[in-house]
Structures are given as structure tokens and as C-alpha cells.
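Here the structure is laid out as C-alpha cells; the discussion comes afterwards.
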Amino acid sequence: MNILIINTGSSSLKYQLFDMEAATVITGGVVERIGESEGILTHKTFDSGDVQKNIITRPIPDHQAAMHLVADQITQGIDAVGHRVVQGGESFKAATLITPEVKKAIEANNPLAPLHNPPNLIGIRVAEELFPGKPQVAVFDTNFHQTIPEKAYLYALPYSYYTDHRIRKYGFHGTSHKYVARETARLMGKRPEEVNLITLHLGNGCSISAVKGGECRDTSMGMTPLAGVMMGTRCGDLDPAIFGYLMDNTGLTQSELDEVLNKQSGLKGICGKNDLRDIHDQAAKGDKNAALAVDMFAYQIKKYIGAYAAVLGRVDALVFTAGVGENDEIVRAKALDGLDFLGIDIDEAVNNVRNPEAHTIHTADSRVQVWVVPTDEERQIAIETQAVLDKS
Ligand code: ADP
């Protein structure tokens, strides 16, 4: 069975076509700068180790045009389509076959993810037109976090804000946390139910999850992806009074401040850069704020590890993933420094060697294993899409 995975962002569209029997990617790519004067499609076809690349630049006015452009590139048969949808709210505990009712329920979650769910829905509608009669499945970023207990997902606000306005922690990057948790258990020779893990998805966006016996029990992002550890440009956890204080004292409007917290804060807010490769270069040249940004980031990650060790009671492994988690040995070493009292001990020499495959970086004596596992959200969506189709 060939399953096409569609992941629509606010101005991008990523796709991959999986051959599920062979467990391989046949073709895939990304459309970027949708809605800008010049859009770009990068399409790759994989054929027994060879990669053929095709780049098309032209105005791509909207997601509908992007989907048509992608469909024109794919010459192979498609049996089903799996869609990444960011916000499933409480309506969706698991991946779901898309029906008219499901589309309505996704639309009802639009206010909770105004930048993401509407393009996700366009992706679904256009895919239905382009591939008529083929089953379509939605896999939500929030699914994996629906096992978080009430005491962990509620904010200490008037309870009616939860019942009337759906204010609660939903969590994000769920597909990535689930994929690396399953993959790490497999690599440890265990079933997911047998292990307690702290999964650290550290990319431009960052989230950390406590995963007990295969189920998520807490995660650092909140009602929106702004909460948790500081990120490339997002502030992470803040004293909530700061928002009103800044509105009163700077004259910035709510939407201007929102932009500051999302796009001008985090690592960038502290040192002017959000890519850790640039930040390490600057720190090496003596830039104090660059070094401070790395210290703050590592400190905040460390605090979540401590908190989630307490939530889990027993930790079998930590799992680093995504751009920073997979590649940045400095952040990993700093975040884990001094955690030997929790049984976490990494081998600095092994940590310093880049390895694109899943691997461990702990010492032989470390009670807790420390893994670096490349994430593969598209593959996880394909696996879940197939599971939904097998059941239906
Ligand atoms: P996104 O959240 O956009 O999917 P990624 O998971 O691709 O992000 O992570 C992107 C970030 O990963 C970059 O901004 C950079 O900080 C970091 N990164 C990528 N490669 C490296 C590297 N080799 N060394 C250090 N950091 C890296």
C-alpha cells in the first residue's frame, strides 16, 4: 500500500509517499514560501540509494495551488492519504478516518490553533478532490498527550474557563514524542509498556514529555506551543503577570506583544540569534549573551528533566531528538551536567561524535540510558494511517 503523508504549515507543505510493504519512502519534498512572490518546490525521488532532485520556482499563491503542484510531481499510485493536523482538542484521542463530521470537528478546533488547523483543513479538502475515493486519515499532534491526567493538564484558573473556553494543556509534537518513544523502546529490546522515558524534542520549537509505560503523562508545551522551555524565538514559561505589565508599560498592543513572545524571544531574545550553530560560534568569539542564552536553555531543559523524573518515579532512558537534540552535543552535555544523582551519566567522548543513526551516549555505569534518536513524524503518521485503515 502506498500512503501519501501531507503536512501543511502556515506557509509550507511537506509531503512523503511511503511504500508500506517495503517500509521505504518512494518520493517526497517540500513546498515553501506559499503566498509569497516566488514559491519553491523541492521534489525528491528515491530509487535504491539514488536520489533525483527536481526544483521548481514560481508563484504559489495558496495551499490549494501547492497541493496541485505536488500532485503533478507524483507519478506513482496512491492508495490513501494521511494528514498531520495540529490541534485535535479533546475530540480526538487517536488518529481518525476523515468523514464530514470529522472535518466539522477539526474546524471547531480552529480557534485553538488559528495558524495551523485552517491550512491543515485545506490540505484535506484539496486531497479529497485530487484523490477521490481514496481514504483520508487525520493524525493529530495532540493525540499522544490525551493520556495526560487532569491534575497535569488543568491550569489553576476558575474551573469554568476549562469547561466554557477549553483552556487546558494540550501539548504538541505528539507524533514525534510517540515515534521516538516507540523506537527507543524497540532499540532497548523492550515493549513500550515496559519503559519510562523522558523524550526531549529540541528543534526550533522545543517540548519535553514524561512517557510512562508508553503513555504520555505530562508535556512542557501548554494550551499553545508557546509554553515550556525557551525555544529558538519563543519565550517558553513566563510569569503570566508580565504580559499585562508590558502592555501597560511599553504601549505595545496585545498582538504586538504576542509577536514579541513568539518571534523575538527565546534564544533570539537573549542573544539576537536563534540557530544554535550561530550562537555557539558567537559564544566562542566571546559574546557573553550568546553563552548566556545557551546556559539558560540548558538550565531550563535540566529543570524539566528533574520535574519529569519526579513525575515518572523511575526513568529508564532519556531520548534526545529533532535538530538540536540530534546534533548539539554542547546543549546535551550542559543539560545533563550534574544529574549523576539521578543516575544519568554521559560519556563526553561519545556525545561529541556526530552520528546520524540512533545511538546511545551514556556510560556503562549510567543507571539511566541516554539515547539520541532521529525523529520521523511522517513515518509515524504513515504507520498510524495504516493502522486506522486496517481497523476500518
Ligand atoms: P523545526 O522545529 O523547525 O522542525 P528542527 O528540528 O529542524 O526545527 O531544528 C532546527 C534547529 O536545530 C536549528 O535552528 C538549529 O538551532 C538546530 N540545529 C540543526 N543542526 C544543528 C547542528 N548541526 N548543530 C547544532 N544545532 C543544530
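As the structure lists them, so they are numbered: ligands from 1, and atoms in each ligand from 1. If you read the sequence from its start, that first residue is 1, and numbering goes on from there.
Looking at E194, its side chain does come within 3.5 Å of a backbone N or O of R191 through a donor-acceptor pair.
Look at E107 and R125 and you find a salt bridge, because one of the NZ, NE, NH1 or NH2 atoms lies within 4.0 Å of a carboxylate O, short of that distance.
In this structure, the ring pair (Phe, Tyr, Trp, His ring centres under 6.0 Å) partners of Y15, at least two apart in sequence or on a different chain, are H43. Residues that satisfy the salt bridge (Lys or Arg N to Asp or Glu O under 4.0 Å) test with E326, not counting sequence neighbours, are absent from this structure. Residues satisfying the salt bridge (Lys or Arg N to Asp or Glu O under 4.0 Å) criterion with D295, sequence neighbours excluded, are K334.
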Could you list each nitrogen or oxygen of ligand 1 that sits under 3.5 Å from a protein nitrogen or oxygen, with the atom names and the distance?
unit_1: ligand 1; atom_1: 2 (O); unit_2: N204; atom_2: N; d: 3.1
unit_1: ligand 1; atom_1: 2 (O); unit_2: G205; atom_2: N; d: 3.4
unit_1: ligand 1; atom_1: 3 (O); unit_2: N204; atom_2: ND2; d: 3.4
unit_1: ligand 1; atom_1: 6 (O); unit_2: G323; atom_2: N; d: 2.9
unit_1: ligand 1; atom_1: 8 (O); unit_2: N204; atom_2: N; d: 3.2
unit_1: ligand 1; atom_1: 12 (O); unit_2: V324; atom_2: N; d: 3.4
unit_1: ligand 1; atom_1: 14 (O); unit_2: N204; atom_2: OD1; d: 3.4
unit_1: ligand 1; atom_1: 16 (O); unit_2: L276; atom_2: N; d: 2.9
unit_1: ligand 1; atom_1: 20 (N); unit_2: R277; atom_2: NH1; d: 3.2
unit_1: ligand 1; atom_1: 23 (N); unit_2: R354; atom_2: NH1; d: 3.4

**Request:** Would you check, one step at a time, whether the test side chain to side chain contact (heavy atoms under 4.5 Å, CB included) holds for V31 with I40?
**Result:** CA-CA 6 Å; V31 187; I40 177 163; over 6 Å; no
